[in-house]
Amino acid sequence: MSTEPFYGADHAALQAFDPEVAGVLQSELTRIRSGLQLIASENLSSPAVLTAMASTLSNKYAEGYPGRRYYGGCAEVDKVETLAIDRLKALLDADHANVQPHSGASANMAVYGAFLQPGDSILAMSLPHGGHLTHGAKVSFSGKWFNPIPYHVDPTSEDIDYDEVERLAKEHRPKLIVAGGSAIPRLIDFARFRAIADEIGAIFWVDAAHFIGLVAGKAIPSPVPYADVVSFTTHKVMRGPRSGAIVCKEEHAKAIDKAVFPMMQGGPLMHVIAAKAVNFKECATPEYQQYATQVIENSKVLAAALQEKGIRPTTGGTDTHLSLLDLQGVGVTGADAEARCDAAGITLNKNAIPNDPQKPNIASGIRVGTPCVTTQGMGTEQMTVIADLIHKAVTTGDADPEHAVSREVRGTVTDLVTQFPAYPR
Ligand code: DSN
């Protein structure tokens, strides 16, 4: 193989030509390095993944699929897409994979395109109870073009109310049932969903965007044996490029491929597909599997330590990379907590909790995830320190970065990220 460097990621050229944009790239890296990143849906992808994205594959038009493209010159990108498909199928033990979705929302749109007609009903988790915008929210295409029937969490357990799912399924007989969302801390009972879908002859779709990285790392059970189709993003726990993908049963392969292209998308982003191929290779390593297990262990310790301090994790804890924390007990809103943490060098997001009395842009909760800090090498010992810092910032801090508590917490954050750097120099 040639050792000639391929073009891309030429920092000096960018700095010379466009110092304004180069400056933003540099200061974003500084932001990442200098604080704690606890947003559950973010991660720090590897230099190998970033390099594939900063490559000449970005130039290539390749509508179609490997071996059947609408453009010439696709021999090289065919190789990379085939690698990505084969690696993903092996990683998830799936019949069929489509690696072209540009994002999670694009992947989900293709699922609708493959199985539904406008006006069809879907049964999906309510957004304020932990679902996702693309699962029927009124402001999304999914709520405008389809008829969503929302299911909720049980008021006592705060976990999915499976009895309600079954009742609504029998009552409304939706064409499609979706499991998954953006703020579900517990494992999902895929077998129960499958049984409910089978009772009414519905398609069972799992939106695994949040947790597919844990499945890939063999840290939690897989939805693949149960679901007709599984859509996901590749940049959350999975740590790949900012993108999406779909796996499905062989019988749905044609419908999914046609729905991704030409129904919902045009030219695939071949540089991002190359980065997905790199990421899927990373996910198959023992190091990745260790990391996936550690993400959950860290998440459990962080949630338990916050609970001890009076910040209550909904459902009583977590089985995954995220916890959803109810701040009503400490009398602080999600919006204030987010701002106070931000001022103290801790990035997380306000989040509605089930039956939240606040509006979504204020919210009564925060969502906290451990993918980034685990990528940086932090373990359970650091999680108890982070719980102290969150508690201090939330309950006694201020949105002003110059406030004494912001400064004090930021000092400890600096110590942590110095010991466990993001993108070490
Ligand atoms: N915005 C993503 C999240 O934070 O969970 C979901 O699309």
Side-chain angles (χ1 to χ4, degrees), residues 32 35-45 101-112 122 124-143 148 150 153 160 178-188 205-215 220 223 230-246 264 272 276 295-296 299 302-303 313-315 318-325 334-335 337-338 341-342 346-354 356 360-363 365-375:
I32 293 169
L36 290 173
Q37 313 307 324
L38 296 177
I39 292 189
S41 47
E42 293 182 2
N43 213 328
L44 310 169
S45 48
H102 301 328
S103 67
S106 309
N108 291 355
M109 199 179 238
V111 173
Y112 285 90
I122 62 157
M125 191 153 183
S126 144
L127 179 60
H129 280 224
H132 190 255
L133 202 60
T134 57
H135 297 180
K138 281 288 164 223
V139 290
S140 141
F141 73 92
S142 57
V153 298
I160 297 169
V178 54
S182 56
I184 303 174
R186 294 300 185 177
L187 297 181
I188 296 172
W205 162 32
V206 175
D207 180 344
H210 259 272
F211 57 84
I212 196 70
L214 301 174
V215 174
I220 63 170
V230 179
S231 65
F232 53 92
T233 51
T234 49
H235 52 272
K236 296 189 172 84
V237 182
M238 205 169 201
R239 213 161 56 185
R242 185 63 177 258
S243 198
I246 300 174
M264 299 301 178
V272 183
K276 283 184 253 194
V295 165
I296 298 177
S299 180
L302 183 55
T314 66
T315 78
T318 178
D319 302 320
T320 65
H321 61 298
L322 73 84
S323 47
L324 183 59
L325 300 151
E338 180 187 300
C341 286
D342 206 27
I346 301 171
T347 305
L348 45 73
N349 64 281
K350 61 180 166 291
N351 212 105
I353 56 168
D356 201 320
N361 61 346
I362 303 289
I366 49 174
R367 190 183 62 165
V368 169
T370 50
C372 291
V373 288
T374 308
T375 294

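In listed order, ligands and their atoms are each counted from 1.
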Exercise. Name the residues in contact with ligand 1, where contact means a heavy atom under 4.0 Å away: which are they?
Worked result: S41, H132, S182, H210, R367
Exercise. Are the side chain of S182 and the backbone of G131 linked by a donor-acceptor contact shorter than 3.5 Å?
Worked result: yes
Exercise. Should we say atom CZ of R186 is surrounded by more than 12 heavy atoms from elsewhere, each under 6.0 Å from it?
Worked result: yes
Exercise. For H132 and D207, does a side-chain donor sit closer than 3.5 Å to a side-chain acceptor?
Worked result: no
Problem set entry | No-hydrogen, no-angle side-chain donor-acceptor test under 3.5 Å, K276 and T234 | no
For this session: Nearest 0.5 Å please: distance from the CG atom of N108 over to the NE2 atom of H135.
Result: 5.0 Å
Exercise. Does the side chain of I122 come within less than 4.5 Å of W205's, by heavy atoms?
Worked result: no
